[in-house]
There are 2 protein chains.
Amino acid sequence: MNQQIVTRIKCKDCPIRHRAVCSTADETELASMEQIKTYTTHRAGEPILWRGDEIKFVASIVDGVATLGQTLEDGRTQVVGLMLPSDFIGRPGREKSKFDIVASTDVTLCRFERKPFEHLLATTPHISQRLVEIALDELDAARDWMILLGRKTASEKIATFLSMLIKRQHIERIDGMQPRLALPLTREKIADYLALTLETVSRQMTALQRAGVLEFTDRRHFNVLDMDALRRATGDDEPL
Amino acid sequence: MNQQIVTRIKCKDCPIRHRAVCSTADETELASMEQIKTYTTHRAGEPILWRGDEIKFVASIVDGVATLGQTLEDGRTQVVGLMLPSDFIGRPGREKSKFDIVASTDVTLCRFERKPFEHLLATTPHISQRLVEIALDELDAARDWMILLGRKTASEKIATFLSMLIKRQHIERIDGMQPRLALPLTREKIADYLALTLETVSRQMTALQRAGVLEFTDRRHFNVLDMDALRRATGDDEPL
DNA sequence: TTGAAAACTTGATTCAGATCAAGGTTCTTG
DNA sequence: CAAGAACCTTGATCTGAATCAAGTTTTCAA
């Protein structure tokens with residue numbers, strides 16, 4: 001596991017301070033977290049943790065994108081989670097990872113050894129409460145993804161994926177400007193996340209472009225031309 | 001919502017006492033839970049909570065089976081969770097349900113008004129710790145289901161579903177006896193859970209019977225004749 | 001007890017997306 | 001900066017499961 005320890009950033013200057021597992025921690029609590037944290041970076045494509053590995057640490061994603069993946073015995077794979085900045089990696093109270101975690105872009109982690117973190121959890125209600133919220137939010141997200149995997153068509157899947165990226169990266173339309181997005185995954189990884197093939201992903205993205213819904217500036221960047229059309233193309237009811 | 005209040009059962013005599021959200025509660029804590037609980041029953045087929053409804057209560061399933069479901073705007077449906085005895089329904093801290101919850105067999109719930117339960121959570125670390133465990137276990141289960149929905153074939157889906165039923169109902173093979181199982185869902189609901197059609201579910205079950213893996217005694221009951229063959233038919237790696 | 005509805009099975013046909021195939025474009029690195 | 005490797009696109013064909021169809025069996029209410 002190729003990784004590199006980088007300079008510590010002060011928690012109060014941290015870009016994910018207000019959204020991560022530490023968001024509800026007060027100054028004293030933050031000080032104890034600061035004690036036990038380490039920053040590491042992982043290059044795009046490198047594994048962070050394999051299925052079956054001992055879970056030595058938990059972490060928040062500070063920057064970059066990682067995938068949580070599953071594999072069947074014959075090699076078919078499914079990405080079961082997309083981890084963006086402020087998301088929490090690892091599971092307190094579990095010895096071994098059930099999933100492969102792979103850096104999809106260059107990733108910076110704010111890492112805690114598992115044992116000290118578990119101690120912190122047991123003694124700091126603010127942090128354990130935040131972790132419940134995070135777990136329940138992820139559970140809702142996983143269940144939303146289940147209807148996508150089970151019942152949506154290829155074009156609905158692509159539209160839902162792109163809408164989700166826009167929503168989760170907190171990208172807003174600023175007076176008339178159309179949102180511009182970077183795809184953090186290759187066509188192949190998008191296919192693994194949506195349960196399609198890379199050919200189908202490619203074709204459906206081309207179709208959305210031809211329909212005038214969006215416009216690719218290069219293979220990994222696009223502008224949304226018609227946000228409402230994209231929303232309608234997801235097949236979803238209005239969100240609650 | 002047709003429901004019926006039934007006689008209270010004492011917590012210490014409760015069949016799910018050792019597995020539900022109350023499992024780590026001590027005697028004092030159990031006493032406070034006993035204060036605010038109510039038992040209700042729901043007939044097979046009746047809704048317990050619709051998507052968009054205000055969440056007035058949370059509950060443990062004492063007996064029976066309920067489904068958590070999602071619907072797309074054109075009516076396509078996906079069951080995103082199967083709730084068995086000791087499972088927890090509802091989400092503290094959320095105002096409205098994101099899912100339809102429907103009794104699939106007759107169901108008995110041990111119910112708590114949401115607000116008093118949230119108070120209990122905030123003041124009873126044992127219960128909130130247990131709720132984190134439950135949420136994280138459900139998250140793992142949801143992610144396991146994602147690879148089924150995305151990448152498994154129809155026959156692997158059926159084999160996985162039947163294996164899961166055996167595992168979650170804690171049915172053991174007792175000296176040579178083959179496990180006998182009741183299907184708690186109709187073919188149509190199984191199809192909604194596995195993202196298949198009811199016709200495909202029917203055909204694949206017939207195929208497993210013809211292959212000698214299992215044997216139906218009637219439409220809702222079967223014996224497993226070859227547990228190893230069933231396990232192999234799931235397509236999974238060995239579990240960790 | 002019986003008639004209708006619900007649940008299930010089996011067969012024929014269709015189709016969305018997979019697979020197979022052949023190139024084109026953009027990175028990477030020596 | 002050249003060449004190989006990744007990554008992506010587009011086309012032709014195939015296939016697993018959906019859809020359409022026609023029954024049979026079971027359940028349940030009147």
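Chain naming here is simple, since letters A, B, ... match the order of the sequence lines and numbering starts at 1 in each. All values below come from the heavy atoms of this structure, side chains included, with hydrogens, waters and symmetry mates left out.
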Starting at [atom1] of [X] and ending at [atom2] of [N], how long is that distance when rounded to a whole Å?
{"X": "A/I158", "N": "D/dT9", "atom1": "CD1", "atom2": "P", "value": "11 Å"}
{"X": "A/R151", "N": "D/dA18", "atom1": "CZ", "atom2": "P", "value": "7 Å"}
{"X": "B/R203", "N": "D/dG16", "atom1": "CZ", "atom2": "P", "value": "14 Å"}
{"X": "A/E188", "N": "C/dA18", "atom1": "CD", "atom2": "P", "value": "14 Å"}
{"X": "B/L194", "N": "D/dA17", "atom1": "CG", "atom2": "C1'", "value": "13 Å"}
{"X": "B/R220", "N": "C/dT9", "atom1": "CZ", "atom2": "C1'", "value": "15 Å"}
{"X": "B/Q209", "N": "C/dT10", "atom1": "CD", "atom2": "P", "value": "9 Å"}
{"X": "A/L183", "N": "D/dA6", "atom1": "CG", "atom2": "P", "value": "21 Å"}

How would you label the contact of [X] with the nucleic acid (heavy atoms, under 4.0 Å): base, sugar-phosphate, or nothing?
{"X": "B/R187", "value": "sugar-phosphate"}
{"X": "B/T197", "value": "base"}
{"X": "A/A195", "value": "sugar-phosphate"}
{"X": "B/L196", "value": "sugar-phosphate"}

Among [options], which nucleotide sits nearest the side chain of [X]?
{"X": "B/E199", "options": "C/dG24, D/dT19, C/dA7", "answer": "D/dT19"}
{"X": "B/T200", "options": "C/dA18, C/dC8, D/dA17", "answer": "D/dA17"}
{"X": "A/T206", "options": "C/dT10, C/dT26, D/dT10", "answer": "D/dT10"}
{"X": "B/A154", "options": "D/dA17, C/dT9, C/dG24", "answer": "D/dA17"}

Note to self: Rounded at 0.5 Å granularity, tell me how far OG1 in A/T234 sits from CG in A/D236.
What the structure shows: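 Taking OG1 in A/T234 and CG in A/D236, the distance rounds to 4.0 Å.
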Item checked: Between CZ on residue A/R219 and OG on residue A/S202, distance to nearest 0.5 Å ->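 Between atom CZ of A/R219 and atom OG of A/S202 there are 9.5 Å.
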Next item on the list: Mind running salt bridge (Lys or Arg N to Asp or Glu O under 4.0 Å) on B/D218 and B/R220 for me, showing each step along the way?
Entry: CA-CA 6 Å; B/D218 63 53; B/R220 300 294 278 270; over 6 Å; no
Note to self: Counting C-beta onward and ignoring hydrogens, is there a side-chain heavy-atom pair between B/L148 and B/D144 closer than 4.5 Å?
What the structure shows: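 They are not in side-chain contact.
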Next item on the list: Ignoring hydrogens and angles, state whether a donor on the side chain of A/K152 or A/T160 is under 3.5 Å from an acceptor on the partner side chain.
Entry: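 Distance-only check passes for A/K152 and A/T160.
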